[in-house]
> 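This structure is in structure tokens; I'll ask about it shortly.
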Amino acid sequence: MDSRTEITLRLTDHERTGLTALAAGLREVAESDLSEEDAMVAALELALTRLIEDFEVPDPKAREQVQAARDELRAHWVRGSATL
């Protein structure tokens, strides 16, 4: 079963330009028709990965939450072509 939650995200013009560029770059790398929504999910996965691999989250509970969320995201990855 595929469940989704709709979230409204308000971006500045500069942030929107960045998201549009990220989607364009991912489309070229993945050679697939990826949307800005796919790009946002890829950015989220990268942010979680960076928190795990590049930074030491001091609170063990928060670190565990980050790891579990990233693992869950990857386990149910429907946007596999959008990884960074």
Side-chain angles (χ1 to χ4, degrees):
M1 182 170 112
D2 182 28
S3 66
R4 295 182 184 254
T5 300
E6 190 168 319
I7 296 175
T8 301
L9 183 64
R10 293 189 179 131
L11 301 172
T12 65
D13 289 341
H14 295 5
E15 293 164 343
R16 176 62 191 224
T17 299
L19 183 58
T20 300
L22 178 59
L26 284 171
R27 278 192 292 274
E28 291 301 311
V29 170
E31 297 179 349
S32 180
D33 189 29
L34 300 172
S35 67
E36 289 179 346
E37 184 179 84
D38 297 324
M40 194 68 195
V41 173
L44 176 62
E45 189 271 341
L46 178 61
L48 292 169
T49 298
R50 292 221 42 221
L51 280 171
I52 294 164
E53 295 177 0
D54 298 339
F55 300 98
E56 241 181 80
V57 179
D59 179 47
K61 207 171 191 179
R63 188 172 48 249
E64 183 179 309
Q65 182 180 5
V66 168
Q67 178 75 48
R70 200 275 308 264
D71 292 349
E72 185 73 10
L73 180 66
R74 285 182 172 178
H76 303 284
W77 192 249
V78 295
R79 304 171 198 271
S81 299
T83 59
L84 292 173

> For Glu53, does the CD atom sit with more than 12 other heavy atoms under 6.0 Å from it, leaving out its own atoms?
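Counting other residues, nucleotides and ligands, CD of Glu53 exceeds 12 neighbours.
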> Kindly indicate, with the supporting measurements, whether the criterion side-chain contact (heavy atoms from CB on, under 4.5 Å) is fulfilled by Leu19 and Leu11.
CA-CA 9 Å; Leu19 183 58; Leu11 301 172; 3.8 Å; yes
> For a quick test of your reading: what N or O donor-acceptor pairs under 3.5 Å do the side chains of residues 39-49 make, sequence neighbours left out?
residue	atom	partner	partner atom	Å
Glu45	OE2	Thr49	OG1	3.2
Glu45	OE2	Arg74	NE	2.7
Glu45	OE2	Arg74	NH2	2.5
Thr49	OG1	Glu45	O	2.9
Thr49	OG1	Arg70	NH1	3.0
Thr49	OG1	Arg74	NH2	3.3

> How many angstroms lie between CZ in Arg27 and CG in Leu22, if you round to the nearest 0.5 Å?
9.5 Å
> In residues 58-66, what donor-acceptor pairs under 3.5 Å come from side-chain atoms, sequence neighbours left out?
residue	atom	partner	partner atom	Å
Asp59	OD2	Ala62	N	3.1
Arg63	NH1	Val57	O	2.4

> Could you list the residues that satisfy salt bridge (Lys or Arg N to Asp or Glu O under 4.0 Å) with Glu15, not counting sequence neighbours?
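Testing Glu15 for salt bridge (Lys or Arg N to Asp or Glu O under 4.0 Å), a comparison that skips the adjacent residues, returns none.
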> Of all the heavy-atom pairs spanning Ser35 and Ala23, show the shortest one and how long it is.
O-CB, 4.0 Å
